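Here you go, one structure.
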Amino acid sequence: MTNEPIRRRGLPLVVCAPSGTGKTTLIRKLRQEFPLNFSVSCTTRPPRQGETAGQDYIFLDRAEFLKKKRTGYFAEWAEVHGNFYGTPLQPVQERLNRGEDMLFDIDVQGAAQLALSLPEARFVFILPPSLEVLAQRLHSRGTDSEEAIKVRLVNAKVEIGTCHWFDAWIVNNDLEQAYAELRAFYLAAALRPSLRPGLPRAVLEGEYHGRACCRS
Ligand code: 5GP
């Protein structure tokens, strides 16, 4: 007897949102509850205070980044706010094959590319309740200049205007409600038969041993 027939393939879960929507808080809550691995991206932007190389990002210079891009190293890549960002493909594939769920915090252009390179991925878009609320949140965060806030609001309009292709939309008006919706979406996506094609046969052959789909 073996657990092999019901080993679930890992779920790639992609969460996108305009900056200031509360994405980081929602992702942190989900990772506190479930053992979701974070896909560590490469970036050409300099490390911020408190960031650890290899844990928050792999920091590269532009020449190193472009060299890797040419060799097909990235599952997706994009230029965001003047810096390059990219998701290394191989570590992601290895972890998905081992049955580990992966969380991607990437921008919308990158998400659209990931839909092609990882067809089993599922895509969530987080919206603010209004542009006015988003502007208030960006101002009260106090991390961006007036000019940067204007750019972020223009980008937010574009992203919200093109989010029709996502699998789920979650409005972050109330954090607990938004989290309940993200959690429900994650669980439903992880239960998809395509991630556990061997399950019915394992049940029929007495080889299912009650392994949970998502351990919290
Ligand atoms: P930050 O520099 O603030 O960490 O990230 C800026 C933006 O880049 C965020 O919207 C983040 O989601 C996006 N980002 C981070 N890593 C990647 C990546 O690997 N690919 C893409 N396409 N976007 C990324």
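Computed from a predicted model, the values in this text were never measured in an experiment. Whatever order the structure lists ligands and atoms in, that order sets their numbers, starting from 1.
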*Flag the pair Phe104 / Phe38 as yes when their ring centroid distance falls below 6.0 Å, and as no otherwise.*
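No, ring centres 6.0 Å or more apart.
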*In the protein, which heavy atom is nearest to atom 4 (O) of ligand 1, and how far is it?*
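That would be Tyr57 OH, 2.6 Å.
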_Minimum-distance protein heavy atom relative to atom 20 (N) of ligand 1_ =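 Looking at atom 20 (N) of ligand 1, the protein heavy atom closest to it is Glu76 OE2, 2.7 Å.
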_Within the 4.0 Å heavy-atom shell around Thr87, which atoms of ligand 1 are there?_
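Here the atoms of ligand 1 in question are 19 (O).
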*Evaluate side chain to side chain donor-acceptor pair (under 3.5 Å) for Glu132 paired with Gln136, printing each intermediate quantity in order.*
CA-CA 6 Å; Glu132 288 70 33; Gln136 278 163 20; over 6 Å; no
*Compute both the distance and the angle, then confirm whether Arg122 meets the cation-pi test with Phe185: under 6.0 Å from the six-membered ring centre, within 45 degrees of the axis.*
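Not satisfied by the 6.0 Å and 45° rule.
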*Phe104 heavy atom under 4.0 Å from ligand 1*: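 No, Phe104 has no heavy atom closer than 4.0 Å to ligand 1.
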_Close-contact set for ligand 1 against Gly86 heavy atoms, below 4.0 Å_ =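 Atoms satisfying the 4.0 Å criterion: 18 (C), 19 (O).
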*At under 4.0 Å between heavy atoms, which part of Asp105 makes contact with ligand 1: side chain, backbone, both or neither?*
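For Asp105, backbone and side-chain atoms both sit under 4.0 Å from ligand 1.
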*Among all protein heavy atoms, pick the one closest to atom 22 (N) of ligand 1 and tell me residue, atom and distance.*
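So the nearest neighbour among protein heavy atoms is Asp107 OD1, 2.7 Å.
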*Could you pull out the closest heavy-atom pair between Leu96 and Met102, with the gap in Å?*
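In this case the closest contact between Leu96 and Met102 is CD2-CG, 3.6 Å.
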*Have a look at ligand 1 and work out which part of Arg45, if any, has a heavy atom under 4.0 Å from it: side chain, backbone, both or neither.*
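It is the side chain that gets close, since no backbone atom is under 4.0 Å.
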*SB check Arg95 Asp101 (cutoff 4.0 Å)*: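 Judged by the 4.0 Å cut-off on N to carboxylate O distance, Arg95 and Asp101 do not form a salt bridge.
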*Among Arg9, Arg192, Arg8, find the residue that satisfies the salt bridge (charged side-chain N to carboxylate O under 4.0 Å, His left out) test when tested with Glu120.*
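Output: one option passes, namely Arg9.
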*Is it the case that Lys29 places NZ or CZ above or below the six-membered ring of Tyr179, under 6.0 angstrom from the centre and within 45 degrees of the axis?*
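Yes, Lys29 and Tyr179 form such a contact.
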*Between Thr21 and Arg137, which heavy-atom pair has the shortest distance, and what is it?*
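Shortest heavy-atom separation between Thr21 and Arg137 comes out as O-NH1, 3.4 Å.
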*ligand 1-proximal atoms of Arg48, by part, heavy-atom distance under 4.0 Å*: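 Under 4.0 Å from ligand 1, Arg48 contributes side-chain atoms alone.
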*Among all protein heavy atoms, pick out the one at the shortest distance from atom 7 (C) of ligand 1; state its residue, atom name and that distance to 0.1 Å.*
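Result: Val80 CG1, 3.7 Å.
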*Run the numbers for me: atoms of ligand 1, each under 4.0 Å from some heavy atom of Ser41, listed by number.*
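Matching atoms, with element in brackets: 16 (N), 17 (C), 18 (C), 19 (O).
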*asked:* Between Arg45 and Glu51 (salt bridge meaning N to carboxylate O under 4.0 Å), is one present in this structure?
replied: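 Judged by the 4.0 Å cut-off on N to carboxylate O distance, Arg45 and Glu51 do form a salt bridge.
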_Pairs of nitrogen or oxygen atoms closer than 3.5 Å, one from Glu51 and one from ligand 1: do any exist?_
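No; every N/O pair is 3.5 Å or more apart.
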*Trp169 atom CH2, over 12 foreign heavy atoms within 6.0 Å*: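 No, because the 6.0 Å sphere around CH2 of Trp169 holds 12 heavy atoms or fewer from other groups.
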*Which of the atoms of ligand 1 are close to Ala78, meaning less than 4.0 Å from one of its heavy atoms?*
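Taking each heavy atom of Ala78 in turn, ligand 1 has 22 (N) under 4.0 Å.
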_Heavy atom of the protein closest to atom 6 (C) of ligand 1 (residue, atom name, distance)_ =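 Atom 6 (C) of ligand 1 sits closest to the protein heavy atom Tyr85 OH, 3.6 Å.
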*Using a strict cut-off of 4.0 Å, indicate which atoms of ligand 1 neighbour a heavy atom of Gly110.*
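Counting from 1, the qualifying ligand atoms are 22 (N).
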*Which residue holds the protein heavy atom closest to atom 10 (O) of ligand 1, what is that atom called, and what is the gap in Å?*
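The closest one turns out to be Lys23 NZ, 4.0 Å.
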